[in-house]
Amino acid sequence: MNIALAKTEKADVAGANFASVLAAQTGSGKVADARRRAFDQFQLIGLPHRRIEDWKYTDLRALMREVLPIAPAPDAAALARAAAAVKLHAIDGVRRLVLVDGALVADLSDLSALEQGLSIRSLRDALAAGDERLLSLGTADPMVALNTALMTDGVVIDVADGIKLSRPLHVVHVAASSAKAASFTRSLVQLGKNSAATLVESYVAGEGAGTYQVHDAAVISIGDGARLDHVRLIEDARDSFNIAAAEVRVGTQAHYGVVGINTGSLVSRYSSTVTIAGEHARVETNGVNLLNGTQHADTTLVMNHDVPHCVSREGFRAVVDDRGHSVFQGRINVRQPAQQTDAKMMTRALLLSDDAEADNKPELEIFADDVTCGHGAAIGALDDQLLFYLRARGLPEKEAEALLIQAFVGEAIEAIADDNLRALAIAAAERWLAARG
């Protein structure tokens, strides 16, 4: 029997994107071969749908429907819109790295006077040099495969052994094209032994930007004894799509802490796989979805405990209003050698309307017999007695609700160690609360 793939017009857009990437010669040799294999993998599956277990609650065939053309190189108008957006979301005391429509823009970035032991390159240059570390992401997930096939630019950050960066690194993804377009970015962050850094990622839109899609991926390696604090702020336009993935490897006695705050995008999905590969390591992941309208946000986390004596904590909060839909899928895998693992996962959702929806699916898969592991999930509404208590003391209903919501998400935000970054996350939550009226 001969089997032929039936290609739709939407699939042809992805094919045209792939042809343009190959024509631009962003990578040759093993990089080009990896691109071709990844694109073939994507074509076999297409956009993920509900029959794929990991995408059960986020059917991109229904929600996103198509892959948009790759955004053109930013022109003067797009750069002006991007500069205004960067200024609006500026953070004091950071080293800023700006990607506009998927291209690293040196004029908007702070690439001068790098600290000793810090190296920053564009993904385009790294691909041209054949840096195979950028290809370490698996391609079983169709959207990761698509990112591998079409990645055009990003940042490659290397921190040498023993270097502790004094300034956080702020990667700003700005959508500025006035046309409907997609960006495909990938970044690499590698920390050497006993080093330390803080990484902030922001996703924003310039004024007048058209409907857009962000397809992003990150490869993160944390060396023995190193520490990385990672903050993700998703404040995309309300008609945008943000599909992101990360693969993180944590070494011996290393620490990885990540906090994500999501208030933007019509549809977003963050898929993260963290592998604890060294003993006595610690990983803390926290996330907050603040959704209203018809927003859909999916957070999928896989925590792999491969070695003994390690600790992981996963905490996720969602506040959903109107007809919003929040999804959390978390899985902790404890391999047989990973004795004396201490792993806990908790997800909670707060529904503010009768039409709001939250799907929480925590899982444990344990093959070791000397572990302390647990998970839990809870979904509910605001406590009427607490609301009455606050309103009885003169607070308007919306203000009383805002106080309770702030308390609900505060635990996750408090996990951000840096005071300035914590204030930034609080400000994002406050903007969402203010928009409720």
Donor-acceptor check, side chain of [X] to backbone of [Y], threshold 3.5 angstrom: yes or no?
{"X": "Asp161", "Y": "Lys193", "value": "yes"}
{"X": "Ser109", "Y": "Val98", "value": "yes"}
{"X": "Thr341", "Y": "Ala338", "value": "yes"}
{"X": "Arg167", "Y": "Val94", "value": "yes"}
{"X": "Gln329", "Y": "Asn360", "value": "no"}
{"X": "Arg95", "Y": "Asp110", "value": "yes"}
{"X": "Glu201", "Y": "His230", "value": "no"}
{"X": "Thr148", "Y": "Val144", "value": "yes"}
{"X": "Ser265", "Y": "Ser268", "value": "no"}
{"X": "Gln295", "Y": "Gly264", "value": "yes"}

Practice task
Test Ile234 against Ile261 for side-chain contact (heavy atoms from CB on, under 4.5 Å), laying out the working first.
Solution key: CA-CA 6 Å; Ile234 296 88; Ile261 310 294; over 6 Å; no
Handout entry: salt bridge (charged side-chain N to carboxylate O under 4.0 Å, His left out) evaluation trace for Asp298 with Lys56
Key = CA-CA 10 Å; Asp298 180 336; Lys56 177 180 179 180; over 6 Å; no
Starting at [atom1] of [X], measure out to [atom2] of [Y] and round the result to the nearest 0.5 Å.
{"X": "Ile120", "Y": "Leu169", "atom1": "CD1", "atom2": "CG", "value": "5.5 Å"}
{"X": "Asp321", "Y": "Leu352", "atom1": "CG", "atom2": "CG", "value": "4.5 Å"}
{"X": "Leu188", "Y": "Arg121", "atom1": "CG", "atom2": "CZ", "value": "8.0 Å"}
{"X": "Leu97", "Y": "His173", "atom1": "CG", "atom2": "NE2", "value": "9.5 Å"}
{"X": "His89", "Y": "His170", "atom1": "NE2", "atom2": "NE2", "value": "9.0 Å"}
{"X": "Lys87", "Y": "Leu108", "atom1": "NZ", "atom2": "CG", "value": "13.0 Å"}

One thing to verify: whether [Y] and [X] come together as a salt bridge, which I'm taking to mean a side-chain N less than 4.0 angstrom from a carboxylate O.
{"X": "Arg249", "Y": "Glu247", "result": "no"}
{"X": "Arg36", "Y": "Asp33", "result": "yes"}
{"X": "Arg331", "Y": "Glu365", "result": "no"}
{"X": "Arg422", "Y": "Asp419", "result": "yes"}
{"X": "Lys361", "Y": "Asp54", "result": "no"}

Any side-chain heavy atom of [X] within less than 4.5 Å of one from [Y]?
{"X": "Asn333", "Y": "Val302", "value": "yes"}
{"X": "Phe328", "Y": "Asp359", "value": "no"}
{"X": "Gln340", "Y": "Pro308", "value": "no"}

With a 3.5 Å cut-off and no angle check, do the side chains of [X] and [Y] form a donor-acceptor pair?
{"X": "Asp229", "Y": "His255", "result": "no"}
{"X": "Tyr212", "Y": "Asp239", "result": "no"}
{"X": "Asn147", "Y": "Arg186", "result": "yes"}
{"X": "Ser177", "Y": "Asp101", "result": "no"}
{"X": "His309", "Y": "His280", "result": "no"}
{"X": "Asn304", "Y": "Arg335", "result": "yes"}

Surrounding [atom1] of [X] (heavy atoms of other residues, nucleotides or ligands, distance under 6.0 Å), is the total greater than 12?
{"X": "Glu115", "atom1": "CD", "answer": "yes"}
{"X": "Glu411", "atom1": "CD", "answer": "no"}
{"X": "Asp370", "atom1": "CG", "answer": "yes"}
{"X": "Lys164", "atom1": "NZ", "answer": "yes"}

Handout entry: Phe316 six-ring centre to Arg348 NZ/CZ under 6.0 Å and within 45° of normal
Key =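 No, Arg348 does not lie over the aromatic ring of Phe316.
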Exercise for the section: Find out whether the Lys NZ or Arg CZ of Arg232 is both under 6.0 angstrom from the six-membered ring centre of Tyr270 and within 45° of the ring's axis. Expected result: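 Yes - Arg232 lies over the ring of Tyr270, closer than 6.0 Å to its centre and within 45° of its axis.
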Between [X] and [Y], which heavy-atom pair has the shortest distance, and what is it?
{"X": "His305", "Y": "Ala343", "result": "NE2-CB, 3.8 Å"}
{"X": "Pro74", "Y": "Leu79", "result": "CB-CD2, 3.9 Å"}
{"X": "Glu284", "Y": "Arg282", "result": "OE2-NE, 2.7 Å"}
{"X": "Ile163", "Y": "Gly117", "result": "CG1-CA, 3.9 Å"}
{"X": "Leu68", "Y": "Ala182", "result": "O-CB, 3.6 Å"}
{"X": "Leu104", "Y": "Asp153", "result": "N-OD2, 3.1 Å"}

Problem - Verdict with supporting geometry, Ile366 and Val371, side-chain contact (heavy atoms from CB on, under 4.5 Å) - result: CA-CA 9 Å; Ile366 302 172; Val371 301; 3.9 Å; yes
Exercise for the section: Apply side-chain contact (heavy atoms from CB on, under 4.5 Å) to the pair Leu199 and Leu228, showing each step before the final yes or no. Expected result: CA-CA 7 Å; Leu199 174 68; Leu228 178 65; 4.1 Å; yes
Exercise for the section: Just say parallel, tilted or perpendicular for the rings of Phe184 and His215, cut-offs at 30° and 60°. Expected result: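 It falls in the parallel class, under 30°.
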Problem - Residue pair Leu291, His325: steps toward the side-chain contact (heavy atoms from CB on, under 4.5 Å) verdict - result: CA-CA 7 Å; Leu291 310 175; His325 184 188; 5.9 Å; no
Completion exercise
side chain to side chain donor-acceptor pair (under 3.5 Å) test vs Tyr203 passes for just one of Asp216, Asn262, Asn242, namely Asp216
Problem - Candidates Asn286, Asp342, Thr285 - the one meeting side chain to side chain donor-acceptor pair (under 3.5 Å) with Arg313 - result: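 By the side chain to side chain donor-acceptor pair (under 3.5 Å) criterion, Arg313 pairs with just one of Asn286, Asp342, Thr285: Asp342.
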